[in-house]
Protein chains: 2
Amino acid sequence: MSADRRPADDVDEIVAAWRRERPDLDVSPLEVLSRVSRLARRLDLARGSAFSEHLLDGWAFDVLSALRRAGEPYELSPGQLVQQTLVTSGTMTNRVDRLERSGFVGRHPDPGDRRGVLVRLTPAGRDVVDSAMADLIEQEKSLLSELSAADRAQLADLLRRMLAPLETRETRETRETRETR
Amino acid sequence: MSADRRPADDVDEIVAAWRRERPDLDVSPLEVLSRVSRLARRLDLARGSAFSEHLLDGWAFDVLSALRRAGEPYELSPGQLVQQTLVTSGTMTNRVDRLERSGFVGRHPDPGDRRGVLVRLTPAGRDVVDSAMADLIEQEKSLLSELSAADRAQLADLLRRMLAPLETRETRETRETRETR
DNA sequence: TCGGTTTCTTTCGATGTCAAGACTCTTGAC
DNA sequence: GTCAAGAGTCTTGACATCGAAAGAAACCGA
């Protein structure tokens with residue numbers, strides 16, 4: 001055993017408890033997956049604090065950043081936003097409503113389809129998402145400070161290998177058959 | 001840069017979009033952190049399907065597994081459950097209410113403190129959490145099938161190194177005030 | 001005994017999902 | 001050409017869950 005690499009986190013304790021209670025089970029998958037979940041929760045919290053300076057909530061950033069990434073003219077349909085943010089259409093209607101009231105997006109009729117609407121970033125929306133993104137990156141950089149560049153590359157690679165099969169399955173189901181979800 | 005290792009996931013596309021739109025920003029932290037978030041979301045979904053056979057929700061498993069891990073007599077106070085599951089006390093009251101109605105836990109007065117309550121797993125609760133845990137482990141194992149044992153160990157280690165500093169901060173705040181755990 | 005603290009519950013507001021609905025588009029028979 | 005049936009897009013409304021803060025009961029130290 002390479003014994004004391006030990007910073008030791010909560011997951012070490014959880015795994016130890018399970019091994020004591022269920023010695024018959026191989027709980028080693030928790031070593032990876034439980035850490036992923038807990039780390040994600042921390043990231044959400046950290047993200048929230050990064051955004052609060054910009055008067056943004058996490059959900060708002062999700063929507064605005066999807067529009068920003070889309071590039072000029074920063075327009076997507078509610079349906080496309082639903083796909084990218086993994087929420088339901090009802091939720092997206094509500095989010096766009098609130099962002100519209102805040103002045104960060106506008107609704108415009110889709111010239112090519114009168115059923116449709118296009119959600120477009122306003123200049124104010126673009127400003128806020130750009131500065132929030134800069135802060136977010138800065139903060140995330142500090143979260144990664146424990147790791148060398150090589151570590152990060154390896155971590156990204158390992159995570160991609162876990163993620164890719166999960167997403168290709170969904171891609172085939174989602175992106176092709178229906179256009180929404 | 002090292003070109004075609006390509007399983008390629010959604011994060012590759014998101015990162016590429018950001019590089020196009022904001023070439024001035026170093027968005028490389030997203031390579032790691034965005035993957036962590038997305039992976040966590042997939043895990044939640046997968047977990048849900050693993051539990052549905054046992055008529056459990058994710059939140060219910062969180063509570064029951066904390067009790068199960070505690071060992072005989074499978075008792076914790078609501079306050080301890082709050083700490084372990086990272087929800088508020090009001091939420092926990094509600095969760096215990098519902099688990100009690102389902103017959104998976106019981107509330108018992110704390111003999112040493114009349115303000116207090118001890119939440120105890122019923123035999124039915126223990127059965128359901130044990131079989132759900134077995135299924136969960138099985139499923140998680142398959143999610144990790146892409147990775148060799150060495151990969152998993154390394155991944156666990158890298159994640160621990162990110163997680164540990166985040167948790168020690170909380171440890172100092174939280175774990176000291178209480179003493180039980 | 002009294003004031004401050006801890007523990008759990010209750011209430012209220014915000015947000016999410018799901019299902020139903022209104023409107024528009026598309027397709028194909030006539 | 002046109003009309004009806006079926007699909008697609010978005011919004012609405014009912015219901016459920018969660019968190020924040022206030023409330024009620026019990027503990028504890030002085």
Side-chain angles (χ1 to χ4, degrees), chain A residues 41 44-45 48-49 51-52 55-63 67 75-102 105-120 174-181, chain B residues 41 44-45 48-49 51-52 55-63 66-67 75-102 105-120 173-181:
Chain A
R41 185 172 285 162
D44 272 348
L45 294 177
S49 81
F51 293 156
S52 61
L55 304 177
L56 277 184
D57 294 312
W59 60 262
F61 180 80
D62 284 341
V63 175
L67 292 169
E75 267 183 356
L76 291 173
S77 71
Q80 291 173 307
L81 289 170
V82 161
Q83 291 177 326
Q84 296 209 23
T85 56
L86 300 180
V87 296
T88 61
S89 56
T91 299
M92 187 52 66
T93 294
N94 183 22
R95 289 184 175 185
V96 173
D97 284 348
R98 282 176 285 162
L99 287 171
E100 200 172 23
R101 281 197 288 276
S102 302
V105 306
R107 278 188 170 93
H108 304 274
D110 182 338
D113 184 341
R114 267 181 298 176
R115 292 170 302 183
V117 169
L118 292 176
V119 179
R120 189 191 313 150
T174 303
R175 197 167 291 164
E176 245 150 50
T177 55
R178 39 199 172 140
E179 224 22 73
T180 324
R181 72 160 292 244
Chain B
R41 184 174 282 162
D44 271 348
L45 294 177
S49 81
F51 293 156
S52 62
L55 304 176
L56 278 185
D57 294 312
W59 61 262
F61 180 80
D62 284 341
V63 176
L67 292 169
E75 267 182 357
L76 291 174
S77 70
Q80 291 172 310
L81 289 171
V82 160
Q83 292 171 338
Q84 296 209 22
T85 56
L86 300 181
V87 298
T88 62
S89 56
T91 301
M92 186 52 67
T93 294
N94 183 22
R95 289 183 176 186
V96 173
D97 284 348
R98 281 176 286 164
L99 288 171
E100 200 171 24
R101 280 197 289 274
S102 302
V105 306
R107 277 188 171 93
H108 304 275
D110 182 337
D113 185 339
R114 268 182 299 174
R115 292 169 305 181
V117 170
L118 291 176
V119 180
R120 190 191 312 152
E173 286 170 14
T174 306
R175 191 170 295 163
E176 245 149 53
T177 52
R178 45 166 175 171
E179 200 29 57
T180 345
R181 79 150 292 157

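Here is the naming used below: chain letters follow the sequence lines, and residue numbers restart at 1 for every chain. What's counted below: heavy atoms across the whole structure, side chains too, no hydrogens, waters or symmetry copies.
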Colleague: Please report, rounded to the nearest Å, how far the P atom of D:dG8 is from the CG atom of A:D110.
Modeller: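 For the pair A:D110 CG and D:dG8 P, the rounded distance is 16 Å.
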Colleague: Would you say C:dT17 has OP1 or OP2 under 4.0 Å from some side-chain N or O of A:R95?
Modeller: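 Looking at the OP1 and OP2 atoms of C:dT17, neither is under 4.0 Å from any side-chain N or O of A:R95.
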Colleague: Round to the nearest Å and state the distance from A:L99 atom CG to D:dC10 atom P.
Modeller: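 After rounding, the reported distance stands at 16 Å.
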Colleague: Show the nearest heavy-atom pair for residues A:A60 and A:L99, with the distance to one decimal.
Modeller: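 Closest pair (atom of A:A60, atom of A:L99, distance): CB-CD2, 3.9 Å.
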Colleague: Only one of B:D113, B:L118, B:D110 passes side-chain contact (heavy atoms from CB on, under 4.5 Å) with B:S77; say which it is.
Modeller: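 Only one option passes, and that is B:L118.
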Colleague: From CZ of A:R114 over to P of D:dC10, roughly how many Å is that when rounded to an integer?
Modeller: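 After rounding, the gap between these two atoms is 15 Å.
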Colleague: Who pairs with B:R98 by side-chain contact (heavy atoms from CB on, under 4.5 Å), at least two apart in sequence or on another chain?
Modeller: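 By the side-chain contact (heavy atoms from CB on, under 4.5 Å) rule, B:R98 matches B:W59, B:N94, B:R95, B:R101.
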Colleague: Go along nucleotides 7-12 of chain C 5' to 3' and tag each nucleotide: B for a protein heavy atom under 4.0 Å from its base, S when only backbone or sugar atoms are that close, - otherwise.
Modeller: SSBB--
Colleague: Could you give the CG-to-P distance, from B:L86 to D:dC18, as a whole number of Å?
Modeller: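 Those two atoms, CG and P, are 14 Å apart.
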Colleague: Using 0.5 Å steps for rounding, measure from the CG atom of B:L81 to the CG atom of B:L67.
Modeller: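 Here the rounded value is 5.0 Å.
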Colleague: Go ahead and name the base partner of C:dC30; Watson-Crick or wobble counts if both distances stay under 3.5 Å, otherwise write none.
Modeller: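 With both distances under 3.5 Å, C:dC30 matches D:dG1.
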Colleague: I need the minimum non-hydrogen distance between B:M92 and B:P78, along with the two atoms involved.
Modeller: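 Looks like CG-O, 3.9 Å.
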Colleague: Grab the two heavy atoms, one from B:A66 and one from B:Q84, that are nearest each other, plus how far apart they are.
Modeller: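 Distance-wise, the nearest heavy atoms are CB-OE1, 3.8 Å.
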